[in-house]
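Everything numeric in this text was worked out from a predicted model, so none of it was measured. Chain A is the first sequence line, chain B the second, and so forth, proteins listed ahead of strands; every chain is numbered from 1.
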There are 2 protein chains.
Amino acid sequence: MNEPHPLASGDKSQGTSKKTAIETVQEQIRERVISGALGPGERLHVDKLRLEFGVSTSTMREAISRLLIDGLVTSEQQRGFRVAPLTLKDFRDITDARKMIEAQALRISLSNRSDVWEADLVAAYHRLSRIEERLIGEGKPEFAHDWDTWNSNFHDCLVQNCDNAWLKRFRRTLHQHSYRYHRRLIGDRSLPRDVRIEHKAIFDTAIAGDIEACVAAIEAHIEKSYTDLTQQHDLSE
Amino acid sequence: MNEPHPLASGDKSQGTSKKTAIETVQEQIRERVISGALGPGERLHVDKLRLEFGVSTSTMREAISRLLIDGLVTSEQQRGFRVAPLTLKDFRDITDARKMIEAQALRISLSNRSDVWEADLVAAYHRLSRIEERLIGEGKPEFAHDWDTWNSNFHDCLVQNCDNAWLKRFRRTLHQHSYRYHRRLIGDRSLPRDVRIEHKAIFDTAIAGDIEACVAAIEAHIEKSYTDLTQQHDLSE
DNA sequence: TTGGCAAAAATAATCGTTTTTTATTTGACG
DNA sequence: CGTCAAATAAAAAACGATTATTTTTGCCAA
């Protein structure tokens, strides 16, 4: 099933940058972890992966090591690497931490608003809205992947003007993990609920400059996403 | 000046655990970065370090890679690793993030109080107090290193019962960076100010179970540490 | 002089193998 | 039959050499 695919062949990424082998592999493994192709708790067999990707041991080890940065994999004394587990408690903790950190990043970002930012946000919201109409109204699940992209883009845009690099970093890490839970719990169906109202509330308050209302909307949005996913689904399947 | 020191020779660590070479090297490099032996922005020459520590290229690279986890080192496309820079803005951001995250971790921890925790805290505070008396009262700077240890221990103890692993992780990362600024700004002098009153306030409110007072005390403590250090000293020296 | 250009040096990235450690099987003995 | 331990298999960690990239240096012409 898994034929080798040397790095030289498929250059699907953006034209200019020639990435290092480590980075390429790192991204692929990251995608597998988030998508669930590598399941939670599963061991990462350096040698097998190495052969599959057509790289050397050290390259593969370093690539995997870098996923330790955002906690997608864990490492244990002399027993290799392992995909980070998924637990309900962990999802709860992520949700709590996200609410706090995202809220603060948003406060800072909104208090640094600019014309460019406003234009970006309008654009991001517009694109997201269009996708959501198609997804929910017309029931076209083929846009699910686009939704992920533009939803992320919209939320990134909101905190774009937050100049605290640490908050942004933590936010990014948590979002990544959250997204992994989503992928796991949602399966292949489309949106779990109608998020259009929530996004509209966030957008409107952001544009209006009502910081605390916007923060409240984001917190509710994050919390709702947790409740919604965990009520209908099960992690131990 | 730097003669090679093979790993086999000096086994200064705790007896039981036999650490992997990567971990040993990682810790040593971390110590150098935090202490300033490797200066901010400085490049990490894999080959030089490798020879100095008596390990191979890949071992050294992986060790350094793991410092990317907590941001003590940065990496750039085809131009190796570099010690994370120190800037005033960064210290400000760290301080803000710490105040928020430490405060929340403390709230959670204090609301999960237990007898064991209380005993641990009393002990930790006691030891810290003794050191501080010697350091400030009797003016014995030889206890500075012990102070670092027990100060850390006291603060760790406070958030010990916080069960949100993410908050703890972020807290740990930020603390580490904060400490690096301290080391840089304090130089070789002893305590920058009399922190005994602050520690007492934190301890008393924690024991009394007054969560919000304790949170306020911690926030003030963190902020004061920033103000104090940045007023007297200079990062660009 | 100086401003590019190319050869040389330095350094980063990658490689495939060897050594060490841990996990699994098997077989003798209680 | 069950337990323990030696033998074997599997996998992780460490190695040092090779290849690719970037930076420096030194030369020549504008």
Self-check item: Between dT22(C) (P) and Arg82(A) (CZ): distance, integer Å
Solution: 15 Å
Exercise. Mind running a 4.0 Å heavy-atom check of residues 57-74 of chain B against DNA chain D and sending the residues that fall below it, in number order?
Key: Thr57(B), Ser58(B), Thr59(B)
For residues 114-123 of chain A, tabulate all N or O donor-acceptor pairs below 3.5 Å that involve a side-chain atom, not counting sequence neighbours.
| unit_1 | atom_1 | unit_2 | atom_2 | d |
| --- | --- | --- | --- | --- |
| Ser114(A) | OG | Trp117(A) | N | 3.2 |
| Trp117(A) | NE1 | Cys157(A) | O | 3.0 |
| Glu118(A) | OE1 | Arg113(A) | NH2 | 3.0 |
| Asp120(A) | OD2 | Gln160(A) | NE2 | 3.4 |

Quiz item: With His177(B), which residues qualify under ring-ring contact (aromatic ring centres under 6.0 Å, His included), at least two apart?
Solution: Trp166(A)
Quiz item: Once you round it to whole Å, what is the distance between P of dA12(C) and CZ of Arg50(B)?
Solution: 13 Å
Self-check item: Those residues that, when tested against Lys99(B), pass salt bridge (charged side-chain N to carboxylate O under 4.0 Å, His left out) (two or more places apart)
Solution: Glu223(B)
Quiz item: Got a sec, which residues hit ring-ring contact (aromatic ring centres under 6.0 Å, His included) with Phe91(B), two or more places apart in sequence or on another chain?
Solution: Tyr181(B), Tyr226(B)
Can you name the atoms? Protein N/O to nucleotides 21-23 of chain D N/O, anything below 3.5 Å, with the distance.
none

Quiz item: So with a 6.0 Å cut-off around CZ of Arg130(B), is the heavy-atom count from everything else above 12?
Solution: no
Self-check item: Ser56(B) side-chain N/O to dA14(D) phosphate OP1/OP2 under 4.0 Å
Solution: no
Quiz prompt | Interatomic distance where CG belongs to Leu51(B) and C1' belongs to dA17(D) [whole Å] | solution = 13 Å
Quiz item: Asp47(B) has an atom CG; how far is it from atom P of dC15(D), in whole Å?
Solution: 14 Å
Self-check item: Whole-Å distance separating the CD atom of Gln26(B) from the P atom of dA13(D)
Solution: 12 Å
Quiz prompt | Whether Ser225(B) side chain and His221(B) backbone form a donor-acceptor pair below 3.5 Å | solution = no
Quiz prompt | Sequence neighbours excluded - salt bridge (Lys or Arg N to Asp or Glu O under 4.0 Å) pairs with any residue from residues 54-70 of chain B | solution = Arg61(A)-Glu62(B), Glu62(A)-Arg61(B), Arg30(B)-Asp70(B), Glu62(B)-Arg66(B), Asp70(B)-Arg172(B)
Side-chain donor-acceptor distances from residues 39-47 of chain B under 3.5 Å, at least two apart:
| unit_1 | atom_1 | unit_2 | atom_2 | d |
| --- | --- | --- | --- | --- |
| Glu42(B) | OE1 | Gly39(B) | N | 2.9 |
| Asp47(B) | OD1 | Arg50(B) | NH1 | 3.1 |

Practice problem: Not counting sequence neighbours, which residues clear salt bridge (charged side-chain N to carboxylate O under 4.0 Å, His left out) with Asp148(A)? List them please. | Solution: none
Exercise. Write down the distance between CD (Glu76(B)) and P (dT11(C)), rounded to a whole number of angstrom.
Key: 17 Å
Quiz item: dT20(C) C1' sits how many Å from Lys19(B) NZ, rounded?
Solution: 19 Å
